[in-house]
Amino acid sequence: MIDRLREEPVTLSSLEEIIDEFDFLDDSEAQIEYLIDLGLDLPAIDQSLKTEQFLVHGCQSNVWLDVEFVGNPALMLVKAESDAMIVNGLVALLMAIFNGKTAEQAVEINVREIFDRLGLDRHLSPQRKNGLNGMVQRIKVAARQQLT
Amino acid sequence: MIDRLREEPVTLSSLEEIIDEFDFLDDSEAQIEYLIDLGLDLPAIDQSLKTEQFLVHGCQSNVWLDVEFVGNPALMLVKAESDAMIVNGLVALLMAIFNGKTAEQAVEINVREIFDRLGLDRHLSPQRKNGLNGMVQRIKVAARQQLT
Amino acid sequence: MASLSLPTVESIREQFPILQHPDSHGRDVVYLDNGASTQKPQCVIDKEVEVYTKYYANAYRGVYEFGQRIDDELELSRESVRDLIGAESKEEIIFTAGTTMSLNLLAYAWGSHVLEPGDEIILSRMEHHANIVPWQLIAQKTGATIRYVPLDDQYRFDEQAFEQILNSRTKIVSLTGMSNVLGATIPVSQVAEAAHSVGAVFILDAAQSVLHQPADVMKQGVDFLAFSGHKIYGPSGVGVLYGKQELLEQMPPFLGGGHMIDQVFDDHSTWAAAPAKFEAGTLPIAQAIALRPAIEFIKEIDFDWIEKHEKKLLIRATEQLQEIPGLKIYGPDVSEKGAIVSFTLEGAHPQDLAFLLNRHGVCVRHGHHCAMPLHEILGVSATVRASFGLYNTVEEVDKLTEAIHQARKKLRLA
Amino acid sequence: MASLSLPTVESIREQFPILQHPDSHGRDVVYLDNGASTQKPQCVIDKEVEVYTKYYANAYRGVYEFGQRIDDELELSRESVRDLIGAESKEEIIFTAGTTMSLNLLAYAWGSHVLEPGDEIILSRMEHHANIVPWQLIAQKTGATIRYVPLDDQYRFDEQAFEQILNSRTKIVSLTGMSNVLGATIPVSQVAEAAHSVGAVFILDAAQSVLHQPADVMKQGVDFLAFSGHKIYGPSGVGVLYGKQELLEQMPPFLGGGHMIDQVFDDHSTWAAAPAKFEAGTLPIAQAIALRPAIEFIKEIDFDWIEKHEKKLLIRATEQLQEIPGLKIYGPDVSEKGAIVSFTLEGAHPQDLAFLLNRHGVCVRHGHHCAMPLHEILGVSATVRASFGLYNTVEEVDKLTEAIHQARKKLRLA
Ligand SMILES: Cc1ncc(COP(=O)(O)O)c(C=O)c1O
Ligand SMILES: Cc1ncc(COP(=O)(O)O)c(C=O)c1O
C-alpha cells in the first residue's frame, strides 16, 4: 500500500496545475466541480487507517488523515481520504501542497495564502472550512513533531 | 351639584343626535373629533368624586364614575369625568345611553350593539376599549344592585 | 374558499417572480427545498412594500393615521391566522419571530410553569431540533425527563408505543405534525385526546404540516400550535404561536419589554393580557402584515388542490427514484406522508450529490436537516432531501431524476 | 465614508417613498415618531424585494446557488454591522428579532450565567422597559437586586451617583445610550471603564443612540450592545446583538433549535460556535440582508451631517415649544441631548393632544413610551413626544408648533 502511495506525487496534480486550472475556470461552481474531479482521482487509503485515531473532527463529512515521513531527507507524505469527493478534492490540494516537503518547509507553508490565491476561501461553507482547518492542523502538528 | 347634574339630560346631546352626527361624519377621525367636542361640553363632576373609590381601572387615562338613582320611579344618573376629552366623549355617549333609564332598562341595554351601530368599536384602541368596558361594567353593576 | 375554476400550476408559477428567470449560471431553477423555506408570491412581496411605502409606523402605539392603519392591518392578519387554524378568537394568535421562537417560548414559559422533577415531556423520534433542544434545556433546569415516541419499521409514528409511554407524570406532549425528513404525519386528534386523558397539554409543531393539512385546533384539541411564515409562502422573520385562551392566561410571560406589560415598578411588573403579554418589543411589523396575503393565496388555491398536486409529484418522484440503483428512500409509503423525499445514494456523499444536482439547476438540501436523533435511527449521518411545493411541476420531478443520473455518472457510479 | 458633496434634506426625502404622498385624509404627513420607528428609504425596500425575487433560500443550509448567495449576503450584512459599531470580527455580530430580543437573550443567558443571590444589576432611571423587565425577571430567578442610577435635576444621567452605586457585587451594568423620552445620553467610555473596574460587564442599549452616535465598541469598552433595524431606517423584524468574542464563548445559549447546535443527543446537545450558537432557527433572512443598505445609506449621508441637521431641528422645536403657555419640556439642555422633545401641555391630555396634532398631519406619540419608572419621577403618567429623523425639515417643526396652537384652541385653552 505504501508503495502505491509513494508513486502518488507523480500521478496526482501538482499545485501549479491546480492553480492554473482554477484560474482558467474562474467560476466557483466549476472550481468545486474540478475539486470533485480531483477527489475522484485520489487513491484510496488503507482500510486500517479508517479508525477513530485518524478521524479529523470538525468535518461535515468523515476524513481520515495520517502523515508519514519517508526517505532521507525525510519527506512528507499525506495519506487521507473522505467519503465526500469535494473533501477529497481538498485533500488532493493539501497533498499537492505538502507532499514531498521537508518538515521544516511544511511548518513554514502558509496554507491560507494559497487558498486566498485560489479564491477558494469564499466558497467554502463555515463547516467545510472548519474541516479544512482540522486537516491543516493535523499536518502541521505532524511536521512539528518530526522536528523535535 | 346634584341639582346641576339633574339638568344634564336636557343640555347634553341625545343618543339620536349622536347617532345622526356619526352617520353624517362617516370618517373615523372626524367622529373622534366630535367625541372630543362632546367631551368638552361635558359638565365637571364634584371634586369629592375624584377619589380612588370612583376611579375606573383599565383606562389609559383617569376616569371617575359614579351612578345614582333619582326620583320615583328611580331613574339612572351617570356622573363621570376623565382628564382626556376623547374619554369624556365616551362618557357623554354613555350618559346619552343610560341617563333617565330605570334599573330594569339599564340592565337590558346592549352597549356593544350601539357601539357596533356607531362603528366606533373598530376605532378604539384595545386599551381604550378596556377603559370603556370598565365604565360599562360599573354602570351595569350599579343597575343590578339597584334591583336587589 | 376555493376559486371557481381550478388553478393550474402554470398560473400559480406566474405569481412567483423568482421562478421567472434562470439563475446566474443561466440554468432553469428547479427549487425543491420547500421544506427549508418556500418562495414568495408577488402578493406577499407587494404587501411588505405597501406597508413600507404607504403607511408604515410602529404597532399599537400611535393614534395617528399610519399607526391606526398598522394596527388594523395587524389585526386583520391575526384574524386570517385564526381562521386558518380554526382558533376561537384572534386574541389567541401571537406573532413571534418563527416556529423556533414559538417553541422556545412554550418550553421556557409553559415548561417552567408546570414541570417538576420527575415529570415527563413526550417528543417523537422524528422531531426537528427546534422541538428537541428547548425541551432539553428546560428539562435540565426543572429535573423533568424527555421520552421519545419511537417510529415503527415503516418510519411511521408509533401510536401504540405513544400510548404506552403516556402516564400520569406526562405534563407535555409536543409533536411535529409532519416530519421534515420523512414526511410522516401524526393522527392529531387521537394524540391530543390521549394527551388530555393524562392531563398533559398537547403542542403541535405545525411548521411543516400547516400548509398541507391545515390544523383545526378547536376540533382537534390542539392546546398550542407553532408555525413559521417563511414556510407557507409568507415573509421571513415572522412566525405564529397559537394558545388556548385559558392556557395563555395561566402561562407566565417569557420575553420582557415594551407592550407586554401593564405596569412597571422598580422591582417587578404586571402583565398585559394575551396576545400582548407574549409580544414583547416591536413586532416584525411588515412581515406579520404580509403573512395575510400568503394565507389568502393558499386558501384561494385551495388545500385540496395543493394536496392532490403535491401528491402527484411525490408519487412520480418516488417511482422514478426507486428505480435508481443504490438509492434508498426513508419514510412511510407515499399514501401516508407529505411531499418530502429524503434519500441516500450508495457511493455518493449527500454533500457531493446536492452540489452536483445544482449543476443542473436542481436545488435540494443535504445534511441532517436539523434532525440528528432521527438520523441516528436511520443509520446515516446525512440524507438528501427533495421537498415539493405548490409551484413544482412534473417536469421538475423528471429533472431531479435526470440530474441524479448525471451525478451518478460524474461520480463514476454508472 | 462621507459623500463628497453634502446632502440636502430635499435629496434625502426623495429617497423615502412614504414621504412622497399625503395620507388618506389628504394631509401632508409630518412624521415625528422616529423614536418609535423610522421610515425606510427605497434602497432598503428594494433590497428585500431583490432577495425575494432573485435568490431567496433558507440561510446556512443549501449548497445550491441561491443558498450560497443568501449566505454571502448575510455575511456582508454582518460585516457592515461590524464596521458600524467598530467590533473586532463579524463573528461577534448576532442577528436577532430586535433590541428587546437581544436584551432578553443577555438577561436570560448572561444573567443566569453570572448572577448569584445578592449580586447587583445596575440600570438607570431612564431605561426603556426592554432594558428593565428582562432584568426584573432574571433578578427574581437568581436572587439578584436591581439598582437604579438616578437622574440629576436637569434630567441627566448622574455619573457621580452611578459610581457610588457601583460595588463589588455589581455584575452587570446595562444602560441606554440615549433615553427614548428625554434624549439624555451617557458618557459611554467612562461608564464602561467604571463598570470594568468592579469586574462588571457593560451592556449598551443602543436602540436610540446607534444612529446618532455610532458606538465604537472596542475603543469604548462596550461588552455587549443591542439595537434594532427598524429604528435606523432598516426593515422591521431584525435586530442585532454584539458581544465580545470571549464573552460569547463563555455565555450559554438561550434559544434552542436548528443551526445553533453542534450535535444533538437524546438528553443533551452541544453547541456551535458564535454567532450560530445564538441564532437558533431560521433567521429573519430578507430583513437581516436589507439591514446593510440601511447602514450604508446612513454612512453615505454621514453621521456629522445627521447630527448637525437633527440638532438644528431640535433647537428650533425647543425654542418654539417653550413659548407655548403651559407647555413643559422634559429633558436636559439641547446641547446635551438627542433630537427628542417630550412635553406636556397644561390642561391637555397627551392622548387628546396626539390625536388633535394628527388632524394636521403631525404624527407624534403619547403615553409612557415604555418608560414607566421614568414617568414616575417626571411626575406625570404620560407625555407627548416628537422625535426627529434625518428627513425632517424646519418647516415640519413649524407645523408641529402651529398644530399645537390649533389644538390649544380646539381644547379651549387659548
Ligand atoms: C432605548 C430603547 N431600548 C429598547 C427599545 C426596544 O426596541 P424594540 O422594540 O425594537 O425591540 C427601544 C424602542 O422603543 C428603545 O427606545
Ligand atoms: C418540523 C419543523 N419544526 C420546526 C422548524 C423550525 O422552523 P424555523 O426555523 O422557521 O424556526 C422547522 C424548520 O425547518 C421544521 O421543519
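All figures in this text were calculated on a predicted structure; none of them were measured in a lab. Reminder, nothing fancy here: chain letters follow the sequence lines and each chain counts from 1.
- The two residues D:Ile132 and D:Pro373 come nearest to each other via the heavy atoms CD1-CG, 3.7 Å.
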*Which is it for C:Leu357 and D:Tyr64 under the side-chain contact (heavy atoms from CB on, under 4.5 Å) test, yes or no, and what are the steps along the way?*
CA-CA 8 Å; C:Leu357 295 188; D:Tyr64 49 83; over 6 Å; no
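- For chain C, the nearby part of D:Asp267 is the backbone; its heavy atoms alone come within less than 4.5 Å.
- Only the side chain of D:Arg125 comes within contact range of chain C, judged by heavy atoms closer than 4.5 Å.
- The part of C:His21 that comes within reach of chain D is its side chain, from C-beta onward, which places non-hydrogen atoms under 4.5 angstrom from that chain.
- Expressed to the nearest 0.5 Å, how far OG1 of D:Thr99 lies from CG of D:Asn131 amounts to 10.0 Å.
- With a threshold of 4.5 angstrom between heavy atoms, D:Thr38 approaches chain C through N, CA, C or O but not through any side-chain atom.
- For a residue to count as touching a neighbouring chain, one of its non-hydrogen atoms must lie under 4.5 Å from one of that chain's; by this rule D:Val364 touches chain C with the backbone only.
- Contact annotation for D:Arg27: only side-chain heavy atoms (C-beta onward) come within less than 4.5 Å of a heavy atom of chain C.
- Atoms CE and CZ, on C:Met260 and C:Phe278 in that order, are 8.0 Å from each other to the nearest 0.5 Å.
- Within the 4.5 angstrom heavy-atom criterion, atoms from both the backbone and the side chain of D:Ala280 approach chain C.
- Contact annotation for D:Gln42: neither backbone nor side-chain heavy atoms come within less than 4.5 Å of a heavy atom of chain C.
- Looking at C:Leu255, the atoms closer than 4.5 Å to chain D (heavy atoms on both sides) sit in the backbone and in the side chain alike.
- Contact annotation for D:Gln140: only side-chain heavy atoms (C-beta onward) come within less than 4.5 Å of a heavy atom of chain C.
- Within the 4.5 angstrom heavy-atom criterion, atoms from both the backbone and the side chain of C:Val264 approach chain D.
- Counting heavy-atom pairs closer than 4.5 Å to chain D, the top-ranked of the candidates C:Thr282, C:Leu137, C:Val362 is C:Thr282.
- Between D:His368 and D:His129, the ring planes lie tilted relative to each other; the angle falls in the 30° to 60° range.
- Heavy atoms of C:Tyr148 lying under 4.5 Å from chain D belong exclusively to its side chain.
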_For a side-chain contact (heavy atoms from CB on, under 4.5 Å) check, start with the C-alpha distance between C:Ser269 and C:Gln263, then their side-chain angles and the critical distance, and finish with the verdict._
CA-CA 6 Å; C:Ser269 300; C:Gln263 283 192 281; over 6 Å; no
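- For the atom pair CD (D:Glu48) and OG (D:Ser236), the distance works out to 7.0 Å, reported to the nearest 0.5 Å.
- Separation of the D:His369 and D:His128 ring centroids does not fall under the 6.0 Å cut-off.
- D:Phe265 touches chain C through its backbone: at least one of N, CA, C or O sits under 4.5 Å from a heavy atom, while the side chain does not.
- Proximity to chain D involves both the backbone and the side chain of C:Ala286, based on heavy atoms less than 4.5 angstrom apart.
- Contacts of D:Pro252 with chain C are absent, with no heavy-atom separation under 4.5 Å from either backbone or side chain.
- Contact annotation for D:Tyr52: both backbone and side-chain heavy atoms come within less than 4.5 Å of a heavy atom of chain C.
- In this structure, C:Phe254 and C:Tyr108 have parallel ring planes: the angle between them is below the 30° cut-off, well short of the 60° mark.
- Atom CZ of D:Arg365 sits about 12.5 Å away from atom CG of D:Asn34, to the nearest 0.5 Å.
- For D:Ile285, the parts lying near chain C are the backbone and the side chain together; criterion is any non-hydrogen pair under 4.5 Å.
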